[in-house]
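Here's a structure for you.
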Protein chains: 2
Amino acid sequence: MKNQLEQLTGKQLAEVDRQFSLYSSGAVEIIPEEELKHKIAKSVLIKKPLKIKLGLDPSAPDVHLGHTVVLNKLRQFQDNGHVIQLIIGDFTGKIGDPTGKSIARKQLTNEEVQHNAQTYFQQFSKVIQMEEVELHYNSKWHSKLHFEDVINLAGKITVARLMERDDFEERLALKKPISLHEFFYPLMQGYDSVILENDIELGGTDQHFNILMGRHFQEKFGKEKQVAILMPLLEGLDGVEKMSKSKNNYIGIDELPNNIYGKAMSIPDELMLKYFELVTDFSPDQIQTLQHDLKNNILHPRDAKMLLGRTIVRMYHDQQAAEEAELRFKSIFQKRELPTDIPTVHWQGSRSITVIDLLIVLDLLGSKSEARRMIQNGGIKMNGEKILDIHAVIIIADDLIIQVGKRIYRKLKCN
Amino acid sequence: MKNQLEQLTGKQLAEVDRQFSLYSSGAVEIIPEEELKHKIAKSVLIKKPLKIKLGLDPSAPDVHLGHTVVLNKLRQFQDNGHVIQLIIGDFTGKIGDPTGKSIARKQLTNEEVQHNAQTYFQQFSKVIQMEEVELHYNSKWHSKLHFEDVINLAGKITVARLMERDDFEERLALKKPISLHEFFYPLMQGYDSVILENDIELGGTDQHFNILMGRHFQEKFGKEKQVAILMPLLEGLDGVEKMSKSKNNYIGIDELPNNIYGKAMSIPDELMLKYFELVTDFSPDQIQTLQHDLKNNILHPRDAKMLLGRTIVRMYHDQQAAEEAELRFKSIFQKRELPTDIPTVHWQGSRSITVIDLLIVLDLLGSKSEARRMIQNGGIKMNGEKILDIHAVIIIADDLIIQVGKRIYRKLKCN
């Protein structure tokens, strides 16, 4: 395989370079880069498409922008004639958690798996051509394994190697229990690659260990080893945690235009360029221009973020929906004409508090009776909504804007 | 269950005490003792026999005195009406070693397993009543397990718990690889107990960890937990290592009377009483008398050892064979009339050496030519056998007696 590059014509070589640089763009790590190049070269030489694997968890089928980071990468491969292999990890889903400790890992029925998979596919079709995708349910092969096969599989990996996975290492150090069955999830993922004989596996950087298991087991079973392409994890709307449904910091690609646009507007400024790079169809050149204009104050961050919002809505709906969402956002939020210099208060108290206590704690009003009167007179607003119930409990959220009368504003920061 | 002892009549209570003290005799550890007592009490109360499990490795079916330590214990249970469950671990045997690294763990065919099992049973019948024993091959249930069941099983144990096994702990500390499949052997042994629902599992102290797995899994599967009875390991003829075929320090119970007797005579004096206790049918009282007589020079150690030899031959052959073996031994070894004061040399050199070098190293003859002449003249004997070949290579063994001419003797000690 090493000599494949030498057999290529100049034109073919340029094609290999073009594809290699395309697939590398945005990736955090390619393991190993040389092998990716050789696999592309072989594919160009013998005109055989590469097989690109992506594993999917059947228990959480809501697709959000975080997923589109890898989907966009898959689309690049597909656009160049390669074959996408989507694996629904339904075997694990059907087993559930044998210790019964994880609520998240509840047992799924066949119907739930099918339904969740359809939910994925319907959403994925907004990014990739689903009719050209290979679909696999890994229960097909895992359910056929007997104890003897499992022991054979387990004989191909050491305990020490499994212990290297970050979370196992950490839990062992902290003396937190690791149930033996947990060692099998990376094995299953690795064995999927043995069956699929894929050339490449895509995933987020958090899949580093599991994807390398695919290389390991393919080699142990005498197959050509897959290349790992690891994509960055997209931080969610909070700007801190990985975007996920459970953290409620996500933009679902199936959401309504107004929701997508509004959520996009809440992204922290410093993440804007990363979002343009990873979840929009902007070219590297376009992103460079944006970066330049922001840096030199040619483009206001607010306008850039509105462009991001429009772009995402356009991608998952259309241009018209994007413009309408922007108009609606402007009419509701910008017409409120909030002052631009609202004092920010760093909130460190409880996340739920009665409206009266909140006003007193923030020193916005002098007494509880004064606060009560102000509420009853409609003088207190939270995020623009009048609070009329003197017993109302306010859930503190980041960027909550509190208005007292016509002129007093406070903005809360929780982090 | 705790109140079972209270429900017993005085006579029943005495019976429980009698059995408890019988089964405890010679055991290194009973885990836990209280539960054994309660299980016996329950059995006496409701007249239901206990089930006593013993696991057997189908790859090494030669039964030696080391095995009879647990067999004798099983016999005690059988004599009191309890049921013996012998488990042939054929599932593991049929798999072999998936890493291919262990030569000892070669894959066995069905025929080999059957043949080895028959070899066991034929030999066991000298100690226990085989017609009253339950026989089980664990492949019966293990071969039916699917991946899903294996994960369920693995979900019931933590990695840390498995790591506690001495050899795993040691290898991990030394960074020697542990293949993941090795974690399954204790699981299988534990799962055997889940299926068998045995009350007690017997084994040597080296089975401590594995037998406790039976308790662990029975509990996890909602069954009553087995009690572990751990018997001492019998040192072999070398007086150091555990008796085993691979160390060639064993007395096989199927050996000819003369071999058994001769090997018994080579046991180090200090192990004699342990042998009387663990592998003969002597009662504790008889053993106490022996101990007393030896201590007070009423009994000569050589005579005690001859009693041991006769006893073992009698147990595995008959009284007549025992007497004949002793006569033959006396005629061959004692009639040589070795002096009683042979000087002992502690040998620390190579275990194989030419006869000439040996004579020189021991300073028994002055030169190689002298040694050669002496050999050719028939003046050199090893253990009473003339050495006539001047190129002979002597394998050094403990208690090797070297005779030069009529008067010079040396006895080698290797430990």
Side-chain angles (χ1 to χ4, degrees), chain A residues 90-102 105 107 138-163 165 167-169 171-188 190-191 213 216-217 220-221, chain B residues 90-102 105 107 138-163 165 167-169 171-188 190-191 213 216-217 220-221:
Chain A
D90 66 330
F91 183 67
T92 322
K94 282 179 191 165
I95 294 172
D97 176 15
T99 65
K101 279 179 194 155
S102 157
R105 288 282 319 288
Q107 211 163 339
N138 72 4
S139 64
K140 188 178 163 189
W141 46 87
H142 288 312
S143 65
K144 283 183 193 141
L145 294 183
H146 284 77
F147 199 178
E148 190 169 337
D149 308 307
V150 176
I151 288 184
N152 187 32
L153 192 62
K156 297 190 190 304
I157 185 100
T158 66
V159 172
R161 179 84 177 75
L162 289 162
M163 285 294 189
R165 205 172 84 171
D167 60 327
F168 288 153
E169 206 168 27
R171 281 156 67 193
L172 203 75
L174 294 172
K175 302 214 183 292
K176 285 187 186 172
I178 302 166
S179 178
L180 179 59
H181 79 281
E182 298 181 66
F183 273 13
F184 278 95
Y185 300 135
L187 262 72
M188 288 180 204
Y191 188 65
M213 283 291 112
H216 176 90
F217 281 102
K220 291 285 178 183
F221 279 87
Chain B
D90 67 329
F91 183 67
T92 323
K94 283 180 190 163
I95 293 172
D97 176 16
T99 66
K101 277 177 195 157
S102 157
R105 287 282 320 287
Q107 212 163 338
N138 72 4
S139 64
K140 187 177 164 191
W141 45 88
H142 288 312
S143 65
K144 283 184 194 142
L145 293 184
H146 284 76
F147 199 177
E148 188 169 336
D149 307 307
V150 177
I151 288 183
N152 187 32
L153 192 61
K156 297 190 190 305
I157 186 100
T158 66
V159 171
R161 179 82 177 76
L162 288 162
M163 285 294 189
R165 204 173 83 171
D167 61 326
F168 288 152
E169 206 167 28
R171 281 157 68 194
L172 204 75
L174 294 171
K175 303 216 182 289
K176 286 188 185 170
I178 302 165
S179 179
L180 179 59
H181 79 281
E182 297 180 68
F183 273 13
F184 278 94
Y185 299 136
L187 261 71
M188 288 179 205
Y191 188 64
M213 283 291 112
H216 176 90
F217 281 101
K220 290 285 178 185
F221 280 87

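Chain A is the first sequence line, chain B the second, and so forth, proteins listed ahead of strands; every chain is numbered from 1. Atoms considered below: every heavy atom in the structure, side chains included; atoms not considered: hydrogens, waters and symmetry mates.
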Locate the shortest heavy-atom distance separating B:K156 from A:S179; write the atom from each residue and the value.
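B:K156 and A:S179 have their closest heavy atoms at N-OG, 4.5 Å.
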For a quick test of reading the model, state the closest non-hydrogen atom pair linking B:P177 to A:T158 and the distance between them.
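Heavy atoms only, the tightest pair is CB-CG2, 3.9 Å.
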Heavy atoms only, distances under 4.5 angstrom: which of A:L172, A:D149, A:L145, A:L187 has the most pairs with chain B? Name it, please.
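It is A:L145.
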If you apply the rule ring pair (Phe, Tyr, Trp, His ring centres under 6.0 Å), what do you find for B:F183 with A:F184, and how did you get there?
CA-CA 12 Å; B:F183 273 13; A:F184 278 95; over 10 Å; no
Contact class of B:V150 relative to chain A, heavy atoms under 4.5 angstrom
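For B:V150, the side chain is the part near chain A, not the backbone.
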Would you mind reporting whether B:H142 and A:I151 have side-chain heavy atoms less than 4.5 Å apart?
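Not in contact.
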How close do A:E148 and B:F91 get, counting heavy atoms only, and between which atoms?
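The answer is N-CZ, 3.9 Å.
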Any non-hydrogen side-chain atom of B:V159 less than 4.5 Å from a side-chain atom of A:M163?
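A side-chain contact exists here, since the closest heavy-atom pair is under 4.5 Å.
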Against chain A, work out which of B:K175, B:M188, B:K220, B:K144 has the most heavy-atom pairs shorter than 4.5 Å and name it.
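Answer, by heavy-atom pair count under 4.5 Å with chain A: B:M188.
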